[in-house]
Amino acid sequence: MSLPPTEQSGNAKHAHLLAHKWLNPNKLAELVRTEGLVYKKGKFSAIEEQQLKGAIEKYQHEKQISSEQLIDLIFTKSDKTKDATFWSELTLAVPLRPIIAVYHHVRRSYHPMQPLGEWQPEEDKKLIQAIADLGQQWEKISVRVSRRAADCRDRYRNHIVNKDIRITGVWSKEEEQQLTQIVTDMTVNQGKDIDNDVFWGKVSELMGGKRGRQQCRIKWTDALSKTVKNEGQKPRWSQQDAYILVHKVDSLNVRDDTEIDWKLISDPDWNLWSAHTLQRRWLTLKKSVKGYEDMTHQDIMEILRLKKAHLPTVAPPATKKRKERKVTSAAAVTEFDSRDSNAATPEAGSSTGVGTFNETLSQEKAADEDGLDT
DNA sequence: AGATAAGGTAAGGGTAATCCAAAAGT
DNA sequence: TACTTTTGGATTACCCTTACCTTATC
């Protein structure tokens, strides 16, 4: 009998799996269940980009290959000189990433056609013609339109489809109701999760094609879903929210804010804010720090920690004429926290990995209690 | 020769930078 | 009230994952 696998040996084994097996989502999910495999999803952080770049340069140097040969290696299929270990080596440079993710990421970022920005009317014409001629064969279309296959596809589904009936601008009450109806029919009325099981292409169709999939999704996740959850009231961002956000980000102890998984930041008791909204709020917060462009994440954090050292008092009641204060989500959280710290039930909090936050807030709150409105 | 793994392409799901209007602050 | 600053709504180029194949490898 050997020793039970230590964390290290487990990780080494997992790292090897991730770097050498082209695991499809089912197999990945199974390994997560059976072996406690941990892997990373979502946007590649700046740090990971660096690590990949380093690995690619190292490979290029060791094998003494030119940049052209490198591009061949990444894009040309069935090249006899192909090195089967190439993708595995790159993957080892970014721990926790499956080889398929690295493969796709590198092929995107080293693509010879770089993104070109806004589409010109002539390009749209070319695209429409190409689709008419070829069908949805994006790689072939790409050659004719001189845009990446993925960009052609995106242009098509987001802007060309239904472009004559598509409308933009502020949503009417009727549209909002219709969207809410469609989303709830599709999810809760089918026993599905209203936050995760929505097919936005389908939703757009059901909206009669008047609104695109992006319009529908953003409208729902950033606006409608939270007013639905908040009994029709629209929350407004407050200084308390800013305080909470700074402390949550701080508690993650990331090296860089590109490492943050914003979905983990939203809290069951603070979840009126979508991940997207929180990310946006973080950016404005960060930009409020003078000279942030040249600072490390740690420097920025330090300043923000100082700036937001104290929990701001609730809603400055300077005047009472304010038509019944909108309930802010921050208020909801602080209320919850005071219950939480009294009860001290471990399961009460969220298990999102930002647990230290609640303690911080409770302490701050205790110290600040007198300043709080009653 | 047939099974399985690697790899290519398309479909599906999402993020983040930006513009501008509305609300809050002064 | 008029003006300035902050926040929120909408838009859209761009990014990541999954599904479904074809091709390579054993």
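Because the structure is predicted, anything quoted here is derived from the model rather than measured. We name chains A, B, ... by the order of the sequence lines, and we start the count at 1 in each one.
Contacts of A/Ala150 with the nucleic acid, taken as non-hydrogen atoms under 4.0 Å apart, are absent. Using a 4.0 Å heavy-atom cutoff across all strands shown, A/His111 reaches no nucleic acid atom at all.
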- Query: Between A/Lys307 and A/Ser288, is a side-chain hydrogen bond (donor to acceptor under 3.5 Å, both in side chains) present by the stated rule, with each step listed?
  - Reply: CA-CA 10 Å; A/Lys307 255 177 133 169; A/Ser288 74; 3.2 Å; yes
- Task: Carefully, step by step, assess A/Thr180 and A/Trp220 under the rule side-chain contact (heavy atoms from CB on, under 4.5 Å).
- Result: CA-CA 8 Å; A/Thr180 304; A/Trp220 175 258; 4.1 Å; yes
- Could you walk me through whether A/Glu48 and A/His105 pass side-chain hydrogen bond (donor to acceptor under 3.5 Å, both in side chains), step by step? CA-CA 11 Å; A/Glu48 287 174 313; A/His105 180 82; over 6 Å; no
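Between A/Leu278 atom CG and B/dA17 atom P there is a gap of 15 Å when expressed in whole angstrom units. If you measure from atom CD of A/Gln279 to atom P of C/dC15, you get 15 Å, rounded to the nearest angstrom. Regarding A/Asp72, its CG atom lies at a distance of 12 Å from the P atom of B/dG8, rounded to whole Å. One can place OH of A/Tyr103 at 12 Å from C1' of C/dT23, the figure rounded to the nearest angstrom. One can place NZ of A/Lys27 at 19 Å from P of C/dT17, the figure rounded to the nearest angstrom. For the pair A/Asn24 CG and C/dT17 C1', the interatomic distance rounds to 12 Å; values are reported in whole Å. To the nearest angstrom, P of B/dG8 lies 10 Å from CG of A/Leu73. Straight-line distance from the CD1 atom of A/Ile74 to the P atom of B/dG7: 13 Å, rounded to whole Å.
For A/His16 (side chain) and A/Ala12 (main-chain N/O), no donor-acceptor pair under 3.5 Å exists by modelled atom type. A donor-acceptor pair is defined here as one N or O able to donate and one able to accept, closer than 3.5 Å; such a pair exists between the side chain of A/Gln69 and the backbone of A/Ser66.
Under the salt bridge (Lys or Arg N to Asp or Glu O under 4.0 Å) criterion, A/Glu175 pairs with A/Arg211, sequence neighbours left out. Residues that satisfy the salt bridge (Lys or Arg N to Asp or Glu O under 4.0 Å) test with A/Arg255, not counting sequence neighbours, are A/Glu259. By the salt bridge (Lys or Arg N to Asp or Glu O under 4.0 Å) test, A/Lys173 is found to be paired with A/Glu176, residues two or more places apart in sequence or in another chain being considered. Residues satisfying the salt bridge (Lys or Arg N to Asp or Glu O under 4.0 Å) criterion with A/Arg280, sequence neighbours excluded, are absent altogether. With sequence neighbours excluded, no residue forms a ring-ring contact (aromatic ring centres under 6.0 Å, His included) with A/His104.
Of the N and O atoms on the side chains of A/Gln181 and A/Asp185, at least one donor lies less than 3.5 Å from an acceptor on the other residue.
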Are any protein N/O atoms closer than 3.5 Å to N/O atoms in nucleotides 18-21 of chain C? If there are, list each pair with its distance.
unit_1	atom_1	unit_2	atom_2	d
C/dT18	OP1	A/Lys41	NZ	2.8
C/dT18	O4	A/His104	NE2	3.3

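Of the residues in residues 131-144 of chain A, those lying under 4.0 Å from DNA chain B by heavy-atom distance are A/Gln136, A/Gln137, A/Trp138, A/Glu139. For the segment residues 299-307 of chain A, the set of residues with a heavy atom within less than 4.0 Å of an atom of DNA chain C is empty.
The side-chain hydrogen bond (donor to acceptor under 3.5 Å, both in side chains) pairs that include a residue from residues 294-304 of chain A are A/Thr296-A/Asp299, where partners are two or more places apart or lie in different chains.
The shortest non-hydrogen separation linking A/Ala149 to A/Glu139 is CB-OE2, 3.4 Å.
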- What does nucleotides 7-14 of chain C look like as a protein-contact string, B for base, S for sugar-phosphate only, - for none, at under 4.0 angstrom between heavy atoms? SBBBBBBB
Show every donor-acceptor pair shorter than 3.5 Å between a side-chain atom in residues 116-123 of chain A and any protein atom, with sequence neighbours excluded, or say none if there are none.
unit_1	atom_1	unit_2	atom_2	d
A/Glu123	OE1	A/Gln120	N	2.9
A/Glu123	OE1	A/Arg147	NH2	3.0
A/Glu123	OE2	A/Arg147	NE	2.9
A/Glu123	OE2	A/Arg147	NH2	3.4

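Over its full length, the helix from B/dG2-C/dC26 to B/dT26-C/dA2 turns its helical axis through 30°, comparing axes from the five pairs at each end and rounding to 10°.
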